[in-house]
Number of protein chains: 2
Amino acid sequence: MAVTLSDVAREAGVSLATASRAINGSPTRTVRADLRDRVLAAAERLRYTPDANAQAVARGRTTSLGLVVHDIADPYFSSIARGVTHAAGRAGLQVILASTEQDPSRELEIVELLRRQRARAIVIAGGRHDDADATAALAAVLAEYRDSGGAAALVGQPVLGTDTVQIANADGARALARELHARGYRDVAVLAGPPTHLTARERREAFVDELARLGVRVPDERVVAGAFDHDGGADAMRSLLAAGPVPELVFAVNDVMALGALTAVRAAGLGVPDDLALAGFDDITTLRDVVPGLTTVRIPLEEVGVAATELALEPAGGAPRVVPVETHVTIRESTPARG
Amino acid sequence: MAVTLSDVAREAGVSLATASRAINGSPTRTVRADLRDRVLAAAERLRYTPDANAQAVARGRTTSLGLVVHDIADPYFSSIARGVTHAAGRAGLQVILASTEQDPSRELEIVELLRRQRARAIVIAGGRHDDADATAALAAVLAEYRDSGGAAALVGQPVLGTDTVQIANADGARALARELHARGYRDVAVLAGPPTHLTARERREAFVDELARLGVRVPDERVVAGAFDHDGGADAMRSLLAAGPVPELVFAVNDVMALGALTAVRAAGLGVPDDLALAGFDDITTLRDVVPGLTTVRIPLEEVGVAATELALEPAGGAPRVVPVETHVTIRESTPARG
DNA sequence: TTGTATGCGTTATCAT
DNA sequence: ATGATAACGCATACAA
């Protein structure tokens, strides 16, 4: 069924070695022009395609890179994935896409899986949790992966002894808090995401802390935990509305949660920004043009994907490297200045 | 560096063959319990991981499935990708994600690439163009791929002699036209996408045709071509606004284009739905909660991804199979009934 | 420069 | 049930 290099060699009347050199151009050896042409012609005639798996076995390295996300349909991850596929393509690598489907514990199996595939590098896009056991376990698996010749890069917090692209979550949240305070908001609530989620926590803490510094206190009961996704935002907003008066401003720690919050707001018969203001984080592209625009903190997600890929692919030095990524507050209609 | 099965066999004091059978459980042979335990223990001790590439070579088949999209950051594709990764995972397959980065001609190279990888199956999510040469070329490559043992499934139009998940674009567009007509719209424009894009064309033709059947004619100059993406929608809307009076209703042939159109509308100092109504197609999840909600035609994109994957994985019979997928009109605030 | 032979890590065939 | 040993498809050290 499948035509092999031997077939090509026979068809061209050369040895297997020559056929191999002619087609893949050995780094050291060179092949006489006429023979090379004959081999190439034979390959074309037989519609030969090299077997990447066999090449991987013979060469001792593959051309694939693993990408692990929590949910590829989440705009945050799909934007990062865009950057990763782009950078990987430039490096001549295939991307193996693996999704935890929102279950962080699956990261372990996935890394093992990618190790079986002998992926050259792994980019882990999902944020860490404050869970010493899970972190240690993943760090251990990644260390093994590195020992076996792989390279890994993380998007998020440098807690795994691995090269990391670190997003300026705290800076962004602080800047956002200042901007919103300047626009007159004083009665503020936060949809905080999971208490252990490091990214969620960074954003929440920095936001609340900066407001405090400005003299605005966010009561504990106004900080509502929940999942880091759409439904988490909706649930949190619902319980917030059920628990007390409508706040002037609600900060959701990511845009997708803000979107879920919007659903809950509308279901309660309220509107943004008329009844309350709303802000998110990430600046996912799909939301940039909606009416009213969502105030948020922009992260250059595609660049983050590129940076993480390049980081994983660059020869690693000694200590884990950290590549910082700036964020940028983007004020839109969802948070008008308060008269 | 890497620990191999031979290492495990030696460590366990058994032959290579026994180690292989113990670890991967040969379909026919069985291994005595105590030996199996010894092998497994040795493997665990040495932190052995099977080399998937070597297995692929020896077994003659891989555990990977190729997914080709135009842009993974596009919600349409990322939702399909979600379904594909899910279904592939259930089947024990890795997903190799490949993006044309909006260049349909790259599909050819990508299929070749996936063929090199000996991917078990390929799911092509991007829509076809009315381009006989390109279609024939891709069909030829896919035929070769099939001949070499691969299976392929398409999302879109069954024009490649390949199993296809066919979305009811025409039905959806017709139903949308009826609904909007019933709500009083008579002065209608269409952001049509690329003239050769089959999906775009199906939606446009069915929409315009159904309106005609209802006695509403959409003038040719009110049908504006453009790219099938965000910027295409924005450009088309801009030229539409520049060319003549503001229409009552604009139908963009997909949601992302509608989003681009929204940008242009706002830039022109107008608003939806106050100054004009707007409808899209796809019902991408991110847009479901925005204010005002976008009227659209829902496609169960994740299910489409699952269906395409299962289709590719099911043993193919004779004639190319076609799996139909229904669409569902979803009216939201962007197209209020006209007083 | 070309060919021969060996090795890559695994599975599968064949004796035992 | 177990163990040599030959594939699998390709790359490469070595010899010619």
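All chains are named by letter (A, B, ...) in the order of the sequence lines, taking the proteins before the strands, and each is independently numbered beginning at 1.
Nucleotide C:dT11 holds its P atom 8 Å from the CD1 atom of B:Ile23, rounded to whole Å. Rounded to whole Å, atom P of C:dT1 lies 16 Å from atom CZ of A:Arg38. Separating the CZ atom of B:Arg21 from the C1' atom of C:dT11 is a distance of 10 Å, rounded to the nearest angstrom. Protein atom CZ of B:Arg10 is 15 Å distant from nucleotide atom P of D:dG3, rounded to whole Å.
In this structure, A:Thr62 contributes its side chain and A:Arg118 its backbone to a donor-acceptor pair below 3.5 Å. With hydrogens and angles disregarded, no donor-acceptor distance shorter than 3.5 Å links the side chain of A:Asp103 to the backbone of A:Thr100. In terms of modelled atom types and a separation under 3.5 Å, the side chain of A:Thr4 and the main chain of A:Ser6 share a donor-acceptor contact. Remark: the backbone N or O of A:Thr30 is not paired with any side-chain donor or acceptor of A:Arg32 at under 3.5 angstrom. Under a 3.5 Å cut-off, the side chain of B:Ser79 and the backbone N or O of B:Tyr76 do not form any donor-acceptor pair.
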Can you pull every protein N or O that's under 3.5 Å from an N or O on nucleotides 8-10 of chain C?
residue: C:dT10; atom: OP1; partner: B:Tyr48; partner atom: OH; Å: 2.5
residue: C:dT10; atom: OP1; partner: B:Asp51; partner atom: N; Å: 3.0
residue: C:dT10; atom: OP2; partner: B:Leu5; partner atom: N; Å: 2.5

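A sub-4.0 Å separation between OP1 or OP2 of C:dT2 and a side-chain N or O of A:Ser15 is absent.
Taking atom C1' in both D:dT12 and D:dA16, one finds a spacing of 16 Å when rounded to whole Å.
Counting only Watson-Crick and G-U wobble pairs whose two distances sit under 3.5 Å, DNA chain D takes part in these stems of three or more pairs: C:3-16 with D:1-14.
Ring geometry for A:Phe228 against A:His197 counts as parallel: the plane angle stays under 30°, on a 0 to 90° scale with 60° as the upper cut.
Looking only at side-chain heavy atoms (C-beta outward), A:Val69 and A:Ile80 stay at 4.5 Å or farther from each other.
With DNA chain D read from its 5' end, the first of the two nearest nucleotides for A:Thr18 and B:Thr18 is the one closest to B:Thr18.
Considering only residues two or more places apart in sequence or on other chains, A:Arg106 meets the salt bridge (charged side-chain N to carboxylate O under 4.0 Å, His left out) condition with A:Glu109.
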